[in-house]
Amino acid sequence: MEKPDDAEMAIPADCVACGVCCFSGLAAYARVTGDDWTRLGPEADRLAHFIDHRAFMRMVDCHCIALDERKDDSGSRQYFCTIYEKRPQICRDFERGSPRCRGELWAKSLAFRD
Ligand code: SF4
Ligand code: SF4
């Protein structure tokens with residue numbers, strides 16, 4: 001299956017309706033740098049760990065440990081980062097609608113296609 005043109009790909013209107021980039025089956029997924037670790041503060045050990053000399057956010061059930069979900073007033077599911085102000089730089093650099101966002105949406109949607 002070919003990747004659709006960016007213009008054809010539907011981008012969620014709001015990240016809380018998506019959360020796709022916070023999901024992965026990889027243990028080494030969201031990189032935590034030294035500055036990130038410092039920003040996480042006393043919770044760093046609970047949220048992140050080292051794999052082969054590099055630190056990453058811990059993953060639980062194929063999503064980042066810091067991801068949580070809730071329902072909005074209409075009952076729709078929302079995803080949100082529980083450490084938004086302290087999230088790693090790699091997450092700060094991830095812009096909705098950017099090529100990386102579109103790549104995530106495309107790659108992970110494949111798992112739900114025939
Ligand atoms: S940045 Fe893109 S993939 Fe990540 S939650 Fe927002 S819309 Fe979804
Ligand atoms: S730290 Fe927050 S934004 Fe980054 S992957 Fe985890 S839940 Fe998503």
- Common cluster, Ile65/Phe56, ILVMFWY with side-chain heavy-atom separation under 4.5 Å: no
- Message: Looking at Gly41, is its backbone amide N or carbonyl O close enough to the side chain of Lys86 to form a donor-acceptor pair, meaning the two atoms are under 3.5 Å apart?
- Response: no
- Test Glu104 against every option in Arg100, Arg102, Lys108 by the side-chain contact (heavy atoms from CB on, under 4.5 Å) rule and name the one that passes. Lys108
- Please report the closest heavy-atom contact between Ala48 and Leu40, naming both atoms and the distance. CB-CD1, 4.2 Å
- Query: Do His63 and Asp61 touch side chain to side chain, with heavy atoms closer than 4.5 Å?
  - Reply: yes
- Task: Begin with the C-alpha distance, continue with both residues' side-chain angles, and end with the deciding distance and a verdict on side-chain contact (heavy atoms from CB on, under 4.5 Å) for Ser76 and Lys71.
- Result: CA-CA 5 Å; Ser76 296; Lys71 297 280 179 67; over 6 Å; no
- Can you find a side-chain donor-acceptor pair between Asp35 and Thr33 that sits under 3.5 Å? no
- Donor-acceptor pair, Arg58 side chain versus His49 backbone, under 3.5 Å? no
- Query: Who passes salt bridge (charged side-chain N to carboxylate O under 4.0 Å, His left out) against Arg77, sequence neighbours left out?
  - Reply: Glu69
Return all side-chain donor-acceptor pairs below 3.5 angstrom for residues 90-97, not counting sequence neighbours, or 'none' if the list is empty.
unit_1: Arg92; atom_1: NE; unit_2: Arg87; atom_2: O; d: 2.8
unit_1: Arg92; atom_1: NH2; unit_2: Glu85; atom_2: O; d: 2.6
unit_1: Arg92; atom_1: NH2; unit_2: Arg87; atom_2: O; d: 3.2
unit_1: Asp93; atom_1: OD1; unit_2: Gln89; atom_2: NE2; d: 2.9
unit_1: Arg96; atom_1: NH1; unit_2: Pro12; atom_2: O; d: 2.9

- Query: To the nearest 0.5 Å, how far apart are CD1 in Ile11 and SG in Cys18?
  - Reply: 8.5 Å
- Message: Give me the atom names and distance for the closest heavy-atom approach of Thr82 to Ala66.
- Response: OG1-O, 2.7 Å
- Minimal heavy-atom distance between Tyr79 and Phe23, with the atoms involved, is CE2-CZ, 3.9 Å
- Task: In sequence, state the C-alpha distance, the side-chain angles, and the governing distance for Met57 and Val32, and then conclude on side-chain contact (heavy atoms from CB on, under 4.5 Å).
- Result: CA-CA 6 Å; Met57 293 298 292; Val32 175; 3.8 Å; yes
- Note on the structure: Closest heavy-atom pair, Phe50 versus Trp37, reported as atoms and distance to 0.1 Å, is CE1-CZ3, 3.8 Å
